[in-house]
Amino acid sequence: DNQLSNNIHFYIMKQSLHLLVFLTTFTLSVGSAMAQGEPSKGRVPEHKAFDNASIGIEASTTGIGLSAATPIHRAFTLRGGFNVLPFSYRYTYDDFDPLMVAGTEVSVPGLGLKASSRMYTGHLIVDWVPFRRGTSTFFLAAGLYFGGSRLLDVTGRFDPAELAAAGIPADQIENIRLDVGGTTIAPNSDGSAEAQLKVNAVRPYVGLGVGRAIPRGRVGFRAEAGAIFHGKPSIASPNIVKQTPTSELDGLNKFLSKWKVYPVLSLKMTVKIGKD
């Protein structure tokens with residue numbers, strides 16, 4: 001496996017693991033405790049369609065988000081919102097094959113790259129509360145996440161001074177090759193390189209959780225776990241010169257070919273903005 005594949009693969013796994021461990025512990029310990037420990041206020045009202053509403057702020061594996069919810073039936077609630085997952089990661093790719101310049105092998109200097117999140121998603125989800133005539137804290141959810149298909153942008157540019165010091169003239173820059181898990185990319189004539197990690201733009205979602213979309217008091221909490229089905233991710237670039245056949249995938253592309261489901265764990269605080 002080449003260095004760029006290892007770096008991106010390691011970073012995705014490291015960030016996902018840290019976030020999943022944190023949110024799993026926090027969601028189960030805090031969210032469930034708050035939902036179960038909610039003080040009794042007598043009979044819970046049964047909401048009718050659009051008779052109330054709430055807004056929420058969320059921390060989850062899809063990022064930080066804002067949402068709004070309203071009942072559409074005694075046991076069903078419609079919610080929609082927007083999530084942003086901001087992060088960036090810098091590293092150096094130096095796993096180049098030597099470049100032939102005037103019949104001589106020349107070592108290519110390292111290329112500084114930056115991987116930035118492009119995960120900006122909207123969602124439209126229906127919650128179903130199957131127990132206690134729609135007044136239970138347990139719910140099932142189904143809906144769609146949607147937005148741009150690009151999850152990750154990777155960009156970089158060779159330092160002209162380093163290329164000159166290595167003996168690589170400007171007209172040879174486009175002969176340099178970067179290999180990303182079986183996808184070969186050539187830099188632009190100005191030494192810049194770019195690639196994107198892409199998935200389906202519209203992504204089905206299913207989940208379950210505890211907590212009311214419309215809290216009994218002014219403020220409530222929800223904990224939720226689910227899965228976004230985003231399809232098989234792919235590497236895209238305007239400068240691809242070769243892609244390994246599917247049957248020969250290795251490294252990062254083999255990992256991506258199996259990464260068709262994105263896990264969702266979230267903790268949300270909701271504020272009722274309608275009548276009590």
Side-chain angles (χ1 to χ4, degrees), residues 1-16 85 87-120 147-201 203 230-262:
D1 291 345
N2 59 70
Q3 183 180 1
L4 184 58
S5 296
N6 289 338
N7 280 334
I8 297 179
H9 188 173
F10 174 76
Y11 181 73
I12 291 174
M13 296 301 293
K14 178 181 177 182
Q15 296 300 319
S16 298
L85 182 61
F87 71 81
S88 63
Y89 173 59
R90 295 183 181 274
Y91 57 96
T92 300
Y93 178 91
D94 56 11
D95 191 25
F96 295 102
D97 291 331
L99 185 67
M100 295 297 297
V101 178
T104 303
E105 286 191 351
V106 177
S107 296
V108 179
L111 171 62
L113 294 172
K114 179 182 179 181
S116 303
S117 167
R118 296 287 298 182
M119 195 166 178
Y120 308 108
S149 60
R150 289 158 56 182
L151 289 186
L152 192 71
D153 277 359
V154 180
T155 58
R157 185 186 298 270
F158 283 104
D159 186 329
E162 292 183 356
L163 290 176
I168 300 176
D171 61 358
Q172 291 293 315
I173 293 177
E174 291 179 292
N175 292 327
I176 298 173
R177 296 291 182 264
L178 296 82
D179 184 67
V180 186
T183 298
T184 304
I185 299 172
N188 297 307
S189 59
D190 62 356
S192 63
E194 61 181 288
Q196 299 86 39
L197 182 63
K198 304 185 74 173
V199 295
N200 295 335
R203 309 182 269 277
H230 61 200
K232 183 173 73 173
S234 61
I235 295 174
S237 172
N239 305 109
I240 291 177
V241 295
K242 177 185 176 183
Q243 287 189 301
T244 300
T246 303
S247 59
E248 300 176 15
L249 289 178
D250 60 4
L252 180 65
N253 277 349
K254 179 175 286 187
F255 165 72
L256 294 179
S257 69
K258 299 178 181 178
W259 186 38
K260 300 178 182 180
V261 177
Y262 188 90

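Computed over heavy atoms, backbone and side chain alike; hydrogens, waters and symmetry mates excluded.
Atoms CD and OG, on Glu174 and Ser189 in that order, are 5.0 Å from each other to the nearest 0.5 Å. Note that NE2 of His230 and CG of Asn200 are 8.5 Å apart. Values are rounded to the nearest 0.5 Å. The line from CG of Leu163 to CZ of Arg157 is 11.5 Å long, rounded to the nearest 0.5 Å. Residue Asp153 holds its CG atom at 10.5 Å from OG of Ser237, rounded to the nearest 0.5 Å. A distance of 4.5 Å separates NZ in Lys114 from CZ in Arg90, rounded to the nearest 0.5 Å.
Counting heavy atoms from C-beta on, the side chains of Phe87 and Met119 never come closer than 4.5 Å. Proximity of Leu197 to Trp259: side-chain heavy atoms (C-beta onward) are separated by under 4.5 Å at one or more points.
Counted by atom type alone, Asp190 and Ser192 present one or more donor-acceptor pairs between their side chains at under 3.5 Å.
Of the residues listed (Asn239, Leu111, Leu178), the one engaging Pro187 in a side-chain contact (heavy atoms from CB on, under 4.5 Å) is Leu178, and it is the only one.
Ser116 contributes no side-chain N or O that, together with a main-chain N or O of Ser88, makes up a donor-acceptor pair within less than 3.5 Å.
Ring geometry for Phe158 against Phe96 counts as tilted: the plane angle lies between 30° and 60°, on a 0 to 90° scale.
The aromatic ring centres of Tyr91 and Tyr89 sit less than 6.0 Å apart.
Considering every non-hydrogen atom in both Ile235 and Ile240, the closest pair reads O-CD1, 3.9 Å.
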